[in-house]
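Below, all heavy atoms of this structure are taken into account, side chains as well, without hydrogens, waters or symmetry copies. Chain letters run A, B, ... following the sequence lines, proteins first, then strands; residues in each count from 1.
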Amino acid sequence: MSEKKIDKEALKQLRQERQASIKHAKDTIKTQSQDIKKIKDQLKDGGKTVPQIAAAIKMPTSKVLLYITALRTYGVLVEGAKEEDYFKYELAG
Amino acid sequence: MDTDQVMKFDALIVGGGIGGLQTALDLADQNFKVAVVEKEATIGGKMILLSKVFPTLDCASCITTPKMAAAAHHDNITLFTYCDLKTLDRDTDGITAAVTQRPRYVDPVKCIGCRQCEYACPVYVSDEVQGGFSLRKAIYIPFSTAIPQLALMDVENCSLCGKCARVCPTEAIDYFQQPKDFVIQARTAILATGFKLTPLDQKKEYGQGEIENVITSLQMERLLAPNGPYQRVIRPSDGKEPDSIAYVQCAGSRDKSLGIPYCSRVCCMYAIKQAMLLSGSLPLADITIYYMDIRAFGKGYEQFFQNAKAMGIEFVKAKVAKITPGENQAVTIRYEDQEGAGGVLTREHDLVVLSSGMVPDWNPMGVCPVSIEEDAFIKSVMPKIAPTLTDLEGVFVAGVAAGPKDIVDTIAEAGAAAMEASNYLNAQKRKQAA
């Protein structure tokens, strides 16, 4: 159903019922958006490996890889050339 | 909730994995009307998540996907996905099952599986289908070959921002969807409820899931699968291509301390299979399998094991005592060498795979009055001559629900369960006609 057609009162009530999970989701979005922006900023000047990105933005390597994997799934990043034991990741397009 | 809806079938299959689908197809081809109740949002079970199968190294999804599609398009099969089986009882009229359809928050009639909602959603959530190595969205389709191709919303992680509803071309998003109860009446039922792996955090000595580069065998299946999270094998802690990979056998089986004294029967072979696949994808990597004894019992399995040795995979007869974090995100294994010079040794590997065991994925207690064995798998009353018979008349069991077994045996047993159910249904018909 389009948002226009959704009963505004019912939606308001639903937001009230799901208050805790909505707050959690909004906090998550905020953190994730900041993290993703940091990663994408690092790749503006060309591809980097996970340890290179992690060192630059002071984020654990496993967390950087998790974001990179998701961003590749949704077409934001692509895999680039290999540098020693690691692959570089680049912005798509 | 609407509790009035009653649907009638000849057979009810509980579980839409490879065993349940094979049983459903075999019965449906004999013109019986079949209902398949699956708790996940898609059919396909564990097999659709595997890379390749042993000992033929056939692509797992190339076998599973046609069966999934055949079941979905069969005139005699009705799929009920994302459903909970509340009760399954038997009386003089047959089987009565109470089922709850969990809400997807997406209208299944309107959704066209275009994934525009998924791309618009701003929340990333751990993707269990990809072994937790990637993130999905709060509204998502489980994977590209999921059946049915319907989105579902994870309301625990939804911010109710409305983006999904705004982009949906068919107005399928329904934030107000409620669980729906319904009843299935059938003349027979087949339990094909499958397995889950022993949890990674179960064993203190193996790091309890806290060591980043210690993963389960199913997680390795995802790394090896062409549609896996990285589309290649890299280390989940930092993306390094591993130079050294180890398998720890019997990591969740044959271990009384875990309450799992039995052999899970598939771990030796899947470890060998994965080792061979890794040899192909990482030709320069050292691959070691730490084992107690190799159980290669099926047709072609011993040759498969010998081929793995000939490929240079190292088999170390040892019991691994402890796994700890090593230097530079490596993993240290401490083991007792039972051949060679003997003694307690330590080695480092970039990535360690625990060959986890199989435990049942469903406990019938309180749901269905069918008995289970001491090991918690469903009890077969005639394990030698009719292994699909349970102690509840008209209710049969197939696949790993009755005990650990590989895909070959699961499919064979699913066929046997279908035959027993078919005989039962035909005998009932004859009785009624007499």
Side-chain angles (χ1 to χ4, degrees), chain A residues 1-8 10-33 35-36 48-55 59-76 78-79 82-89, chain B residues 105 107 110 115 118-127 130 132-138 140 144 154-177 212-213 227-232 234-243 284 328-329 350:
Chain A
M1 70 183 73
S2 74
E3 204 166 32
K4 285 175 200 166
K5 289 180 189 170
I6 294 171
D7 183 327
K8 280 186 180 172
L11 199 57
K12 196 176 165 187
Q13 196 183 331
L14 193 62
R15 285 203 167 100
Q16 193 65 35
E17 285 167 18
R18 294 191 196 161
Q19 208 173 14
S21 64
I22 288 173
K23 185 185 180 311
H24 170 74
K26 282 184 174 171
D27 292 346
T28 304
I29 293 170
K30 196 176 170 188
T31 311
Q32 288 177 342
S33 302
D35 289 347
I36 289 167
K48 281 187 178 160
T49 65
V50 169
Q52 286 167 349
I53 299 166
M59 189 185 283
T61 48
S62 57
K63 196 172 174 184
V64 171
L65 180 59
L66 195 60
Y67 279 126
I68 282 178
T69 309
L71 293 172
R72 281 183 68 198
T73 303
Y74 291 104
V76 180
V78 292
E79 187 182 85
K82 199 177 171 192
E83 189 176 280
E84 295 180 352
D85 287 334
Y86 296 90
F87 287 88
K88 287 183 172 181
Y89 299 96
Chain B
Y105 302 98
D107 185 332
K110 291 180 182 171
R115 299 183 98 142
E118 187 173 347
Y119 277 81
C121 176
V123 196
Y124 288 94
V125 184
S126 180
D127 187 353
Q130 294 290 19
F133 295 143
S134 187
L135 303 168
R136 57 164 171 80
K137 297 293 185 72
Y140 64 106
S144 57
D154 166 3
V155 287
E156 289 300 309
N157 290 293
C158 170
S159 69
L160 264 180
C161 67
K163 283 186 179 170
C164 52
R166 282 196 290 276
V167 298
C168 179
T170 59
E171 301 185 350
I173 308 297
D174 179 1
Y175 295 117
F176 303 98
Q177 217 173 52
E212 280 178 324
N213 291 320
N227 57 354
Y230 313 132
Q231 287 112 50
R232 63 174 65 256
I234 54 174
R235 203 163 68 165
S237 75
D238 63 352
K240 180 182 186 253
E241 202 169 64
D243 292 325
L284 299 178
N328 298 321
Q329 305 190 17
D350 285 334

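- When each of L71(A), T73(A), V50(A), T61(A) is scored by its heavy-atom pairs under 4.5 Å with chain B, the top score falls to T61(A).
- With hydrogens and angles ignored, the 3.5 Å screen pairs no side-chain donor or acceptor of E118(B) with any backbone N or O of Y140(B).
- For R232(B), the part lying under 4.5 angstrom from a heavy atom of chain A is the side chain only.
- No other option in H24(A), E79(A), K23(A), E84(A) has as many heavy-atom pairs under 4.5 Å with chain B as E79(A).
- Contacts classified as salt bridge (Lys or Arg N to Asp or Glu O under 4.0 Å) and involving residues 59-71 of chain A (residues at least two apart or in different chains) are given here: D35(A)-K63(A).
- Here the side chain of E212(B) pairs no donor or acceptor atom with the backbone of S62(A) at under 3.5 angstrom.
- In this structure, R72(A) forms no cation-pi arrangement with F87(A), as its terminal cationic atom is not both closer than 6.0 Å to the ring centre and no more than 45° off the ring axis.
- Both the backbone and the side chain of Y230(B) come within less than 4.5 Å of a heavy atom in chain A.
- For chain A, the nearby part of D243(B) is the side chain; its heavy atoms alone come within less than 4.5 Å.
- For the pair T69(A) and D127(B), the minimum side-chain heavy-atom distance is 4.5 Å or more.
- Judged by distance alone, the side chain of N213(B) and the main-chain N or O of Q329(B) form a donor-acceptor pair under 3.5 Å.
- At a 4.5 Å heavy-atom cutoff, I68(A) makes no contact with chain B through either its backbone or its side chain.
- With respect to chain A, the highest number of heavy-atom pairs below 4.5 Å among A138(B), G239(B), P242(B) belongs to G239(B).
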